[in-house]
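As the structure is a prediction and not an experimental result, all values here were calculated from the model. Order of appearance sets the numbers: ligands from 1, and atoms from 1 within every ligand.
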Amino acid sequence: MTTLAIDLGGTKLAAALVDEQLQIRQRCELPTPASDRPDALRAALRTLVQPLAADAQRVAIASTGIIRDGLLQAINPQNLGGLLHFPLVATLEALTRLPTLAINDAQAAALAEYARMPDGGDMVFITVSTGVGGGVVCRGELLTGAGGLAGHLGHTLADPHGPRCGCGRIGCVEAIASGRAIAAAAQGDLAGCDAKTIFARAAAGHPQADALIQRSAAALARMIADVKATTDCRQVVVGGSIGLAQGYLARVRACLMQLPSPYQVTLTAAYYRHDAGLLGAALAAQRQG
Ligand code: ADP
Ligand code: BMX
Ligand code: ZN
């Protein structure tokens, strides 16, 4: 069976056809609409799925937000242009006439990354992207929680005196480490730059750009220590465009190494790189049968 897999993030929407061996073809991408109008997202999804739906037998979407009963509920609506709710499954079933599964993006990526780990062991996936998301695999099972909130590590506390997060809480990891947070903290000649530009400026030796990235990496390392203390996981896998950016994981490792030995854990970059969410959604659909 061929799955039309979709990854809906705060910045980009990706889609592809995925076969039973998890081979990807016809991958395409669009920017996520920065609008609180559900119609804008519906229109973007229509553009994305229209060329692919005829060659698929089902749809699987990995999406940012708390996903429950096929509905998206934003914990941080600022990541989606202010959009709070969206009926993912009903919209995609109406657009494609295909059965559709929806799963949180970081939870999906955790499934894909865990499936290719040779020796199992508890694993936590973290995406550092528009926001900061997570997925926890414990004894071979993905934790979703009763309401879908499990693994939302970006909304754990980094600094009680930090900036207010879009979720309403003060000082979340996401409000310091995410792409949006890096951009929001930029001042002077960096004001208005996105995180990708700030990484490029840091590579060219810009001290403020370097400090913003270091602040993100340090917050992520502290969060990973908390994750280790909570789960005693064997491995932490990092993805997302910030997580996978040149030099970022090395910075996180260097910060983590400053901490005592119980907090040390194997840290790796996502094997499936930017496709971990897409492939995890396809895998979840395969398993559902
Ligand atoms: P999404 O959140 O939609 O899944 P990404 O994982 O691409 O998307 O994360 C988007 C964030 O990553 C944005 O803040 C963007 O500026 C930043 N970004 C994109 N490409 C890069 C890059 N090559 N290096 C550093 N940051 C990047
Ligand atoms: C936010 C939250 C999570 C998501 C994470 C990463 C929303 C809309 N999303 O914490 O559900 O997993 O961002 O999302 O509240 P991404 O778009 O950065 O991949
Ligand atoms: Zn938060």
I'd like to know whether F199 forms a side chain to side chain contact (heavy atoms under 4.5 Å, CB included) with I182, so could you lay out the CA-CA distance, the side-chain angles of the two residues, the decisive distance to 0.1 Å, and finally the verdict. CA-CA 10 Å; F199 269 81; I182 292 170; 4.2 Å; yes
Flag yes if more than 12 heavy atoms outside R68 fall under 6.0 Å of its CZ atom; otherwise flag no. no
Which residue owns the protein heavy atom closest to atom 8 (O) of ligand 1, what's the atom, and how far is it? K12 NZ, 3.4 Å
Tell me: protein heavy atom nearest atom 17 (O) of ligand 2, and distance? G10 N, 2.8 Å
Heavy atom under 4.0 Å from ligand 2: found in T130's side chain, backbone, both, or neither? both
Ligand 2 to G9, heavy atom cutoff 4.0 Å, flagged ligand atoms 17 (O)
When you compare ligand 2 with G131, is there at least one nitrogen or oxygen pair between them that comes in under 3.5 angstrom? yes
Compare all side-chain heavy atoms of Q214 with those of C255 and state whether any distance is below 4.5 angstrom. yes
Do you see a donor-acceptor pair shorter than 3.5 Å between the side chains of Q107 and T144? no
Are any of the N/O atoms in G65 less than 3.5 Å from those in ligand 2? yes
In this structure, atom 6 (C) of ligand 2 is nearest to the protein heavy atom G133 N, 3.8 Å
Begin from the C-alpha positions of D159 and R222 and carry the test salt bridge (charged side-chain N to carboxylate O under 4.0 Å, His left out) through to its verdict. CA-CA 10 Å; D159 176 1; R222 291 193 297 272; over 6 Å; no
Any donor and acceptor pair, going by atom type alone, linking the side chain of Q235 with main-chain N or O of T266 inside 3.5 Å? no
In this structure, are over 12 heavy atoms from other groups packed under 6.0 Å from E141 atom CD? no
Any nitrogen or oxygen of T130, side chain or backbone, less than 3.5 Å from one on ligand 1? yes
Identify the protein heavy atom lying closest to atom 24 (N) of ligand 1, giving its residue, its atom name and the separation to 0.1 Å. A245 CB, 3.7 Å
Those atoms of ligand 1 less than 4.0 Å from some heavy atom in G240: 6 (O)
Would you check whether I242 reaches within less than 4.0 Å of ligand 1, judged by its heavy atoms? yes
Can you check whether D105 has an N/O within less than 3.5 Å of an N/O in ligand 2? yes
Report, in ascending order of atom number, the atoms of ligand 2 lying under 4.0 Å from any heavy atom of H155. 1 (C), 10 (O)
With atom 3 (C) of ligand 2 as the reference point, say which of H152, Q107, E174, Q78 has the nearest heavy atom. H152
Are S178 and N79 packed together at the side-chain level, in the sense that at least one heavy-atom pair is separated by less than 4.5 angstrom? no
Atom indices of ligand 2 within 4.0 angstrom of V132 heavy atoms, with elements: 5 (C), 10 (O)
Any donor and acceptor pair, going by atom type alone, linking the side chain of T3 with main-chain N or O of A5 inside 3.5 Å? no
Ignoring hydrogens, just give me the one of A195, S241, G10 whose non-hydrogen atom is nearest atom 19 (C) of ligand 1. S241
Which of the ligand 2 atoms, numbered from 1, are nearer than 4.0 Å to a heavy atom of I75: 2 (C), 7 (C), 15 (O)
At the Zn ion (ligand 3), ND1 of H155 and SG of C172 open up to roughly (10° bins) 120°
Just distances here: any N/O of T64 and N/O of ligand 2 closer than 3.5 Å? yes
Starting from atom 14 (O) of ligand 1, which protein heavy atom do you reach first, and at what distance in Å? G179 CA, 3.4 Å
Please determine if G134 has a nitrogen or oxygen closer than 3.5 Å to a nitrogen or oxygen of ligand 2. no
For the residue pair L267 and I224, what are the closest heavy atoms and their distance? CD2-CD1, 3.7 Å
Given that the side chain starts at C-beta and the backbone is N, CA, C, O, which of these parts of N104 lies under 4.0 Å from ligand 2, counting heavy atoms, or is it both or neither? side chain
Check T130, D194, T64 against T11 for a side chain to side chain donor-acceptor pair (under 3.5 Å) and give me the one that passes. T130
For atom 22 (C) of ligand 1, closest protein heavy-atom neighbour: K196 CG, 3.8 Å
Could you tell me whether a side-chain N or O of R201 sits under 3.5 Å from a main-chain N or O of G205, the two making a donor and an acceptor? no
Donor-acceptor contact present, side-chain D122 to main-chain R139, <3.5 Å: yes
Whether the side chain of Q264 engages the backbone of L259 through a donor-acceptor N/O pair (distance < 3.5 Å, no angle test) should be reported. yes
Provide the closest heavy-atom pair for L244 versus A270 in the form atom of the first, atom of the second, distance. CD2-N, 3.9 Å
Atom indices of ligand 2 within 4.0 angstrom of N79 heavy atoms, with elements: 1 (C), 13 (O)
In terms of residue, atom name and distance, what is the protein heavy atom nearest to atom 10 (C) of ligand 1? T11 OG1, 3.5 Å
